[in-house]
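Data block below; observations after.
Note that ligands are numbered from 1 as they come in the structure, with each ligand's atoms numbered from 1 the same way.
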Amino acid sequence: MFNKILIANRGEIACRIINTAKQMGVLTVAVYSDADKDALHVHMADEAIYIGPSPSRESYLLGDKVIAAALKTGAQAIHPGYGFLSENAGFCRACTTNNITFIGPPVAAIEAMGSKSAAKNIMEKANVPLVPGYHGDDQSRDIIKKAADDMGYPVLLKATAGGGGKGMRQVWSESEFDEGLAAAKREAMSSFGDDTMLVEKYLTQPRHVEIQVFCDNHQHAVYLFERDCSVQRRHQKVIEEAPAFKMSAKLRAQMGESAIKSAQAIGYQGAGTVEFLLDVDGSFYFMEMNTRLQVEHPVTEMISGQDLVEWQLRVAAGEVLPKTQEQLVINGHAFEARIYAEDANNDFLPATGKLSLLQTPIESEHVRIDTGVRQGDEVSVYYDPMIAKLIVWDESREKALKRLAKALSEYRINGVTTNIDFLYNLATSKPFIEEDIDTGFIEKNHSLIFHDGAQELLNELPIVALYLILSNEKKAHISAAQSNDPHSPWHHPNAWRLNEAHTHVLVLAHNDDEYTVTVEQLFQSQGQGSDVNYLINIDNKQFDCQGTISNNIILVNINGHRSQATISVDENNISLYRENGVFNFTHILPDCGQLDIDDKHGGLTAPMNGTMVSVLIKAGDFVKKNQPLVIMEAMKMEHTIKAPSDGTIDEVFFQAGDMVDGGAELLAFSTDDE
Ligand code: MV4
């Protein structure tokens with residue numbers, strides 16, 4: 001076994017690999033760019049080598065720098081993770097040239113799978129089932145059209161140089177063929193510089209089912225069952241599961257054996273994934289083979305009980321596979337949800353920013369979080385905006401899915417927009433629960449997954465407003481009680497309250513929309529938090545509310561509907577967490593840098609409701625323009641209120657701890673020119 005390996009990657013996969021290496025007693029070397037100088041993977045590794053500026057092409061993609069780092073630190077092997085250099089034949093070759101073990105397949109296998117059409121030719125010879133079609137060298141229109149006519153429409157034209165869904169075009173009838181072929185060739189030439197086409201029978205409701213294979217250097221090969229990765233958005237996997245639902249033991253064995261044949265056809269070694277299209281009639285067809293450890297490998301680990309990175313290290317070090325096929329069994333069901341900093345309601349625009357709050361579900365043997373970030377880290381523009389992979393296990397699909405939904409609802413992330421609501425809506429949607437899933441799932445169930453935000457928002461705004469009012473009042477109580485002023489009405493724990501209506505006006509923003517929320521506080525004779533009624537008005541809709549808060553939990557009754565929510569406030573950013581996701585708001589504060597001079601009698605009045613935090617002057621003081629006079633707090637924000645000009649303080653009407661109404665006269669002030 002190696003005593004030191006270098007991980008040529010970053011983020012969650014680098015951390016994940018380091019974790020296993022540590023468990024195996026293998027020392028680790030991380031590499032990092034400018035943007036990652038304080039990243040988690042750098043802290044976790046035993047050593048770390050700087051390899052260049054933040055852009056991947058100037059750091060993580062520079063094979064020479066990675067190899068130099070390995071030579072400098074004496075790493076005997078390099079684990080490429082996924083992406084970056086993981087399927088780069090040149091890098092794999094360079095490792096070998098430098099007597100560094102590439103923890104992955106032989107370079108010939110990488111090259112063989114690099115071309116989609118070459119891969120299909122190899123699989124055809126190995127009797128691995130391919131989608132009926134034509135992928136020959138004769139690219140004449142008549143030959144391709146004859147193949148299409150013979151197999152029957154609809155057909156799918158694919159650019160052999162394409163991949164990941166790029167360069168595909170459906171043709172639904174013979175009359176559309178010529179236009180479709182011309183368009184597909186044009187697109188392929190402009191995208192890939194190569195308009196070689198293949199044509200296949202178009203499967204209209206396929207599932208994406210992939211088989212995890214593992215081969216050692218002693219001719220042993222096993223499959224570690226399958227993963228269903230059909231839920232994709234623009235060919236990016238969103239939620240993966242293992243084993244695949246509605247999979248019979250017979251079909252599993254057929255697909256597994258077929259995957260092994262695929263791997264053996266190219267002399268494979270290490271971890272590999274054979275992707276198949278599974279048609280509604282149970283027939284399956286080779287799609288492509290990935291010669292790396294996949295992002296979604298943890299679901300296979302959860303149901304097989306195997307650590308695939310440990311297997312990779314052992315096989316790369318020349319050991320035999322840790323298990324035989326007979327020793328591998330499926331236990332339970334697992335899901336993986338990819339948590340991203342992206343805005344699902346804005347075409348999944350990647351989000352960047354600081355993770356000012358990153359609270360995760362409690363991890364256990366059944367809830368696993370693979371992540372490369374910590375609270376306070378920046379999600380940068382340079383790399384894939386993945387925050388974490390949430391992996392859950394349970395003894396059945398139904399139970400695992402419930403655990404997934406619960407874990408998603410327990411995530412608390414502030415500072416960046418995430419796709420957690422989208423994932424939650426997807427995981428709790430009826431079609432997903434009922435296994436009505438194929439690669440068109442997200443498009444088909446768009447309305448279920450992307451809820452109408454407007455109505456939900458209107459339901460949540462009163463809660464946020466009430467939370468701000470109640471927490472502000474609570475703050476006032478605390479500072480008043482601490483003021484030790486026996487005369488302050490707030491000084492007594494069961495303080496009575498002025499029996500009068502009292503109105504706050506808040507402005508809350510959500511995305512680019514601003515909402516004015518009027519909160520009318522109706523005092524009861526013996527008003528306690530939950531007995532006080534608030535009439536909240538938003539866009540002429542009225543909500544009769546009561547509420548109590550405890551830390552960042554609010555218990556509310558709105559128009560007779562009782563519920564609770566978690567709220568986190570970070571300066572004037574407010575996040576409201578519900579089971580079905582998070583709502584982010586910004587509290588727009590009135591500009592209160594300057595007191596308004598009440599020209600009726602030279603007094604200084606408070607621009608908003610708040611609490612007097614401290615009084616910095618006393619009657620008789622002479623003050624200069626902009627000199628701080630009092631500090632008020634409103635909605636968790638402190639505001640220093642300054643003198644509007646040179647002048648004299650004639651009288652002060654409030655003291656620290658007092659609650660102040662918007663418009664109340666704070667102090668009598670006269671300027672020299674009065
Ligand atoms: C197909 C297909 C239907 N019929 N081939 C998408 C990218 C590449 N992996 C192959 N893909 C497909 N090939 C035939 N003959 C549907 C897809 C497809 C798809 C496949 C797997 C996962 C997600 C997908 C999303 C759209 C289309």
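With no hydrogens or angles considered, a side-chain donor-acceptor pair links Arg227 and Thr273 at under 3.5 Å. Side-chain contact check for Thr20 and Arg16: at least one donor-acceptor pair (N or O, by modelled atom type) lies under 3.5 Å. No side-chain donor from either of Ser140 and Asp142 sits under 3.5 Å from a side-chain acceptor of the other. Between the side chains of Thr418 and Tyr411, no donor-acceptor pair is found at a separation under 3.5 Å.
Residue-ligand proximity, Lys158 to ligand 1, at heavy-atom distances under 4.0 Å covers atoms 1 (C), 5 (N), 10 (C), 13 (N). Per-residue contacts place Lys201 under 4.0 angstrom from the following atoms of ligand 1 (heavy atoms of the residue considered): 4 (N), 14 (C), 15 (N). For ligand 1 and Gln232, the ligand atoms under 4.0 Å from any heavy atom of the residue are 22 (C), 23 (C). Residue contact check: His208 has heavy atoms under 4.0 Å from atoms 21 (C), 22 (C) of ligand 1.
The nearest protein atom to atom 7 (C) of ligand 1, hydrogens excluded, is given as Gly165 N, 3.2 Å; this is a heavy-atom distance. The shortest contact between atom 11 (N) of ligand 1 and any protein heavy atom is with Met168 SD, 3.8 Å. For atom 10 (C) of ligand 1, the closest non-hydrogen atom of the protein is Met287 SD, 3.5 Å. Atom 19 (C) of ligand 1 has as its closest protein heavy atom Thr439 CG2, 4.0 Å. Of the protein's non-hydrogen atoms, Pro206 CG, 4.0 Å is the one closest to atom 16 (C) of ligand 1.
Of the candidates Gln236, Glu210, Glu275, His235, the one placing a heavy atom closest to atom 6 (C) of ligand 1 is His235. Heavy-atom proximity to atom 4 (N) of ligand 1, evaluated over Ile442, Val231, Leu203, Asp279, is greatest for Leu203. Considering each of Leu277, Val131, Leu278, Val155, the one bringing a non-hydrogen atom nearest atom 1 (C) of ligand 1 is Leu277.
Relative orientation of the Tyr153 and Phe177 rings is perpendicular, given thresholds of 30° and 60° on the angle between their planes. Between Phe422 and Phe348, the angle of the ring planes goes over 60°, which puts this pair in the perpendicular group of the 30/60° scheme.
Side-chain N or O atoms of Asn9 include one that pairs as donor or acceptor with a backbone N or O of Tyr82 at under 3.5 Å.
Among all heavy-atom pairs drawn from Glu410 and Pro361, the shortest one is OE1-CB, 3.5 Å.
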